[in-house]
Structure formats: C-alpha cells, structure tokens
Colleague: 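Sharing a structure with you now.
Order of appearance sets the numbers: ligands from 1, and atoms from 1 within every ligand. For the numbers below, each heavy atom of this structure counts, side chains included, while hydrogens, waters and symmetry mates do not.
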Amino acid sequence: MGKDKLRRFAAVKEFPNFFEPEIPKEYHMKGRWRSDYFKNDNPIVLELGCGKGEYSVGLAQHFPDKNFIGVDIKGSRMYIGAVQALEMQLKNVAFCRTKIDFINDCFAENEVDEIWLTFSDPQRKKPNKRLTAPPFINRYRKLLKPGGIVQLKTDSDILFEYTEEQIKEHNYECLELTWDLYGELPENLDQTTKDIFHIKTHYEKLFTAKGSVIKYCKFRIH
Ligand SMILES: C[S@@+](CC[C@H](N)C(=O)[O-])C[C@H]1O[C@@H](n2cnc3c(N)ncnc32)[C@H](O)[C@@H]1O
C-alpha cells in the first residue's frame, strides 16, 4: 500500500462515522445502528461496494430522513466519503469496513430498508461472486425488511444481463429496469428522483466519460 493510502487507512479508523467490525464474529452494532449511532428510527439504506462513498454522501444530503451506510472492504477509499460527511456535518451517513460476504454479522434481521449496488465488480469468471448472485441475495433477504428493495446501477452488460436473468429465474418483483438510464429518464420524474439519478459515483464518472451506457434496475426479493 502506498504512503497516502496507509495514512488514510490509519486516519479513518479514528473517525466517529467509521466502523470496522472484527469478522467473522457478530458485531456489537448489529441491530443497534438506529439506536446507538443514528439515534432515530429512520429507514436504513446500505450502499454495498461503496468505494469512495460519494453516492452515500450525496443520497444522505438529499434524504435527511433516511440513514445511509456505505460498506466496502477498502478503508482508504471510504476515507474520502467519511471526510466529506464530517465536513458537511452529515449525521445520517456512516461507513462500515467489511467484506459483504459477512454482512449478516453486521446487520440484524429486518434492520435494513434498501440496498444500493453501485458499479459492482462484474466478476466475469466467477458468477457466484456477483453481488446479485443467489449467495448474496440470500444474505440481503435476511437483513432486508419485507418489501425492502435492491437497486443496481452499472455500466457492465455482463452484470446487468445476469441480474435481469436472476430477476426472471427467481421471480423477484421487478419495479424498474432500463438498459439506458440517462437516455430513458422519464420526463415526469420529480426533481428529487432526477437528482438521485444524477449523483455520480467515482466509477460512474470514469465510465460515462468513456461513453459507457449506464443501466439501472430496482427489484424486491421477498
Ligand atoms: C468497481 S468499484 C465501485 C465503487 C463505487 N461503488 C463506485 O461506483 O465508484 C467496486 C467496489 O466494491 C468493493 N467490493 C467488491 N467486492 C466486495 C466484497 N465482497 N466486499 C466488500 N467490498 C467489495 C471494492 O473494494 C470496490 O471498492
């Protein structure tokens, strides 16, 4: 790891909005995120594989009545979002460093209302490691409330096609699905929703600059 990454990795551990569970072991915040950190009863939204966390921070600004938790294994990346949130004094966003594989050690049954998957790795050769593959969906099912939703934004045809197949194969309830999010953005969307779709993650900016078309879907797995 480079010097700057090491510095960020060490610094972020001291932040009040950064959590690092010892895994595999049940984390003491499991079932207690609302009461012990957010100190409200608002819905919890996870961004899994949040990278630098700008999306969680952007959503937290738009939705002061929801709580956001960015999850990633890379602490030095989440440092960026964690600093932004502290500077903006956003109390409704936090970051949790863990492998998503152990997400059920960090969140209790029915603790979460929504999941965002933003530009997840396509895992070309390992379909079961895709974040919309059955082993992950089964983990999400445990922590999502009944009726909870999963949303995916991606540039990857492979991941999107796979997810579309999974939705059909497992009869997930598909609420929205478009192969060209920005090309097909309905005119009648309210401003807040338009704004959400225009919050761009780090990878989204890279891919759109290269001309990639962004795909989006929203589905229920219960
Ligand atoms: C392609 S990046 C996208 C980052 C961010 N969402 C964005 O759009 O800029 C994928 C991120 O997912 C994280 N990631 C992938 N698999 C993971 C896993 N099993 N557990 C935790 N993080 C994971 C990586 O560390 C990386 O930061």
Side-chain angles (χ1 to χ4, degrees), residues 1-2 4-6 8-9 12-13 18-25 27 29-30 45-62 68-85 93-107 112 114-143 150-160 162-163 181-182 196-218:
M1 215 187 276
D4 195 45
K5 267 194 190 170
L6 277 173
R8 283 187 267 152
F9 193 66
V12 76
K13 289 171 189 271
F18 183 81
F19 295 83
E20 193 171 24
E22 267 179 54
I23 295 289
K25 191 175 159 191
Y27 190 38
M29 290 299 286
K30 180 173 174 173
V45 182
L46 302 184
E47 185 192 0
L48 301 181
C50 69
K52 298 186 178 183
E54 320 84 329
Y55 201 63
S56 289
V57 171
L59 290 174
Q61 281 179 286
H62 272 287
F68 295 88
I69 304 176
V71 177
D72 205 290
I73 193 60
K74 302 263 173 77
S76 61
R77 287 190 184 171
M78 285 190 286
Y79 168 93
I80 312 274
V83 167
Q84 281 177 356
V93 59
F95 293 92
C96 177
R97 178 177 177 261
T98 184
K99 278 194 90 173
I100 298 158
D101 315 55
F102 303 124
I103 199 78
N104 297 111
D105 288 328
C106 307
F107 297 92
V112 174
E114 287 177 39
I115 290 176
W116 265 103
L117 306 172
T118 48
F119 298 86
S120 312
D121 297 324
Q123 299 286 357
R124 286 163 200 280
K125 296 196 174 151
K126 296 181 182 164
N128 255 358
K129 293 208 160 196
R130 293 177 185 150
L131 293 188
T132 52
F136 284 96
I137 295 285
N138 289 336
R139 294 180 183 115
Y140 310 156
R141 194 175 274 124
K142 284 185 195 148
L143 53 86
V150 179
Q151 298 186 76
L152 167 78
K153 269 212 282 191
T154 182
D155 64 299
S156 163
D157 287 356
I158 291 178
L159 178 63
F160 200 68
Y162 173 82
T163 304
L181 175 60
Y182 299 116
I196 300 167
F197 286 128
H198 284 99
I199 301 171
K200 297 232 176 12
T201 73
H202 176 68
Y203 274 81
E204 185 166 10
K205 283 180 201 152
L206 294 180
F207 291 129
T208 31
K210 282 188 196 160
S212 300
V213 176
I214 307 304
K215 295 101 186 150
Y216 165 78
C217 64
K218 175 174 172 178

Colleague: Answer whether the closest heavy-atom distance between the side chains of Leu159 and Leu117 falls below 4.5 Å.
Modeller: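 Leu159 vs Leu117: side chains apart.
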Colleague: So which heavy atom on Cys50 is nearest to which on Asp72, and how close?
Modeller: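 Looking at all heavy atoms of both residues, the closest pair is N-OD2, 3.2 Å.
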Colleague: Check whether Lys30 reaches the backbone of Asn104 with its side chain - one donor and one acceptor, N or O, closer than 3.5 Å.
Modeller: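 Answer holds: yes.
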Colleague: Mark yes or no for whether Ser76, through its side chain, and Lys5, through its backbone, hold a donor-acceptor pair below 3.5 Å.
Modeller: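 No, because the side chain of Ser76 does not come within donor-acceptor range (under 3.5 Å) of the backbone of Lys5.
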Colleague: Give every pair formed by an N or O atom of ligand 1 and a protein N or O atom closer than 3.5 Å, one pair per line with both atom names and the distance to 0.1 Å, or write none.
Modeller:
unit_1: ligand 1; atom_1: 6 (N); unit_2: Gly49; atom_2: O; d: 2.7
unit_1: ligand 1; atom_1: 6 (N); unit_2: Thr118; atom_2: O; d: 2.8
unit_1: ligand 1; atom_1: 6 (N); unit_2: Thr118; atom_2: OG1; d: 2.8
unit_1: ligand 1; atom_1: 8 (O); unit_2: Thr201; atom_2: OG1; d: 2.6
unit_1: ligand 1; atom_1: 9 (O); unit_2: Thr201; atom_2: OG1; d: 3.4
unit_1: ligand 1; atom_1: 9 (O); unit_2: His202; atom_2: N; d: 3.4
unit_1: ligand 1; atom_1: 9 (O); unit_2: Tyr203; atom_2: N; d: 3.0
unit_1: ligand 1; atom_1: 19 (N); unit_2: Asp101; atom_2: OD1; d: 3.1
unit_1: ligand 1; atom_1: 20 (N); unit_2: Ile100; atom_2: N; d: 2.9
unit_1: ligand 1; atom_1: 22 (N); unit_2: Ile73; atom_2: N; d: 3.3
unit_1: ligand 1; atom_1: 25 (O); unit_2: Asp72; atom_2: OD1; d: 2.7
unit_1: ligand 1; atom_1: 27 (O); unit_2: Asp72; atom_2: OD1; d: 3.3
unit_1: ligand 1; atom_1: 27 (O); unit_2: Asp72; atom_2: OD2; d: 2.7
unit_1: ligand 1; atom_1: 27 (O); unit_2: Arg77; atom_2: NH1; d: 2.7

Colleague: For the pair Phe197 and Tyr216, name the ring-plane relationship: parallel under 30°, tilted 30 to 60°, perpendicular over 60°.
Modeller: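 The arrangement is perpendicular - the two ring planes meet at more than 60°.
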Colleague: Tell me whether Tyr140 contacts the main-chain N or O of Leu131 through its side chain, where contact means a donor paired with an acceptor under 3.5 Å.
Modeller: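 Side chain of Tyr140 to backbone of Leu131, a donor-acceptor pair under 3.5 Å: yes, one is there.
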